[in-house]
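Inspection log for the structure reproduced underneath, given as structure tokens.
Note that these values count all heavy atoms, side chains included, but never hydrogens, waters or copies made by symmetry.
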Amino acid sequence: MKPAMETAAEETTEQSQERKGCFECCIKCLGGVPYASLVATILCFSGVALFCGCGHVALTGTVSILEQHFSSNASDHALLTEVIQLMQYVIYGIASFFFLYGIILLAEGFYTTSAVKEMHSEFKTTACGRCISGMFVFLTYILGVAWLGVFGFSAVPVFMFYNIWSSCEVLKGLPVNYTTTAEQICVDIRQYGIIPWNALPGKACGTALGNICSTNEFYMSYHLFIVACAGAGATVIALLIYMMATTYNYAVLKFKSREDCCTKF
């Protein structure tokens, strides 16, 4: 009976060690995940998706509002229509580029973790690897500055639609005995420079302004521009996180390239 008991104890010990080894392996894998790059990738994908999707639909609605209420002659807003169509094509390119770029940066973050180093015990940085990491740092900084401009530009249509919405709210709350009449409350879209000054009617007053604000198209475009602006802001934050992650990775690869160490950032 004793040998049988010893055999059972040994089997139990082996099973316990196997379970412990599996648990430790999972902990090491989770410890090697580049959480900063992962969060930045999720935030970048979400922000770009919101900016591109909502911006595309909002631009289409803006053209429709201009054609119906502010510019009866097609030649007056022909240039604006072409620019908006070009921007919509650019949006497709932005979405595709950032989808690939986010995956590449996430892969680079995984590659420079301790989990990869432990899987490849002879992990060693090379001049080419450090050069590629430095290129990602430079490119991410350039994209971050560019997206700051995109974020500022995306706030312009929000400002325009907010002014129209504010005028409509004033029009709705206008008292009956007030000295200012409804026809004196106007919105002149020509002052923003998106259509020429000789465009007719160019502005909407009183009842015409109220009709614009009562359409679902106006409120849809207004809210979509707000969401697109928020998406651009989220993308800027994601790129800032990418900047920190790629800079940290490059610093580790640069200054500890001769050591058997890696980053978990």
Task: Under the side chain to side chain contact (heavy atoms under 4.5 Å, CB included) test, residues paired with Ile237 that sit two or more places apart - done: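 Testing Ile237 for side chain to side chain contact (heavy atoms under 4.5 Å, CB included), a comparison that skips the adjacent residues, returns Leu43, Ile241.
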
TODO: Could you pull out all residues at least two apart from Leu148 that satisfy side chain to side chain contact (heavy atoms under 4.5 Å, CB included)?
DONE: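 Testing Leu148 for side chain to side chain contact (heavy atoms under 4.5 Å, CB included), a comparison that skips the adjacent residues, returns Val236.
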
Just wondering, do [Y] and [X] contact through their side chains at under 4.5 Å, heavy atoms?
| X | Y | result |
| --- | --- | --- |
| Lys203 | Ile189 | no |
| Phe98 | Trp147 | yes |
| Ile94 | Val150 | no |

Open item on the list: Do Val83 and Phe153 land in one hydrophobic cluster if side-chain heavy atoms of ILVMFWY residues count as linked below 4.5 Å?
Closed with: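 As far as the 4.5 Å side-chain criterion goes, Phe153 and Val83 are connected within one cluster.
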
Task: Hydrophobic cluster identity match, Phe159 and Ile194, side-chain contacts under 4.5 Å - done: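 Yes, Phe159 connects to Ile194 through the hydrophobic network.
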
Show every side-chain hydrogen bond (donor to acceptor under 3.5 Å, both in side chains) that has at least one partner inside [range], sequence neighbours left out.
| range | answer |
| --- | --- |
| residues 148-164 | Asn163-Tyr192 |
| residues 95-106 | Tyr101-Thr140 |
| residues 47-56 | His56-Tyr92 |

Open item on the list: Checking the side chain of Ser72 only, and the main-chain atoms of Leu200 only, is there a donor and an acceptor separated by less than 3.5 Å?
Closed with: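 Yes; at least one donor-acceptor contact below 3.5 Å.
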
Open item on the list: Checking the side chain of Arg190 only, and the main-chain atoms of Ile195 only, is there a donor and an acceptor separated by less than 3.5 Å?
Closed with: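 Here the side-chain-to-backbone pair does not exist.
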
Task: Residue pair Phe225, Leu59: steps toward the side chain to side chain contact (heavy atoms under 4.5 Å, CB included) verdict - done: CA-CA 8 Å; Phe225 273 126; Leu59 287 172; 4.2 Å; yes

TODO: Please round to the nearest 0.5 Å and tell me the distance separating atom CD of Glu217 and atom NE2 of His69.
DONE: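 So the gap between those two atoms works out to 7.0 Å.
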
TODO: Search all heavy atoms of Gly233 against all heavy atoms of Phe151 and return the closest pair with its distance.
DONE: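 Looks like N-CD1, 3.4 Å.
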
Identify each donor-acceptor pair in which a side-chain atom of residues 208-215 lies under 3.5 Å from a protein atom, sequence neighbours left out, and give them as a table.
{"residue": "Asn211", "atom": "ND2", "partner": "Thr207", "partner atom": "O", "Å": "3.3"}
{"residue": "Ser214", "atom": "OG", "partner": "Gly210", "partner atom": "O", "Å": "3.3"}
{"residue": "Ser214", "atom": "OG", "partner": "Asn211", "partner atom": "O", "Å": "2.8"}
{"residue": "Thr215", "atom": "OG1", "partner": "Ile212", "partner atom": "O", "Å": "2.6"}
{"residue": "Thr215", "atom": "OG1", "partner": "Phe218", "partner atom": "N", "Å": "3.4"}

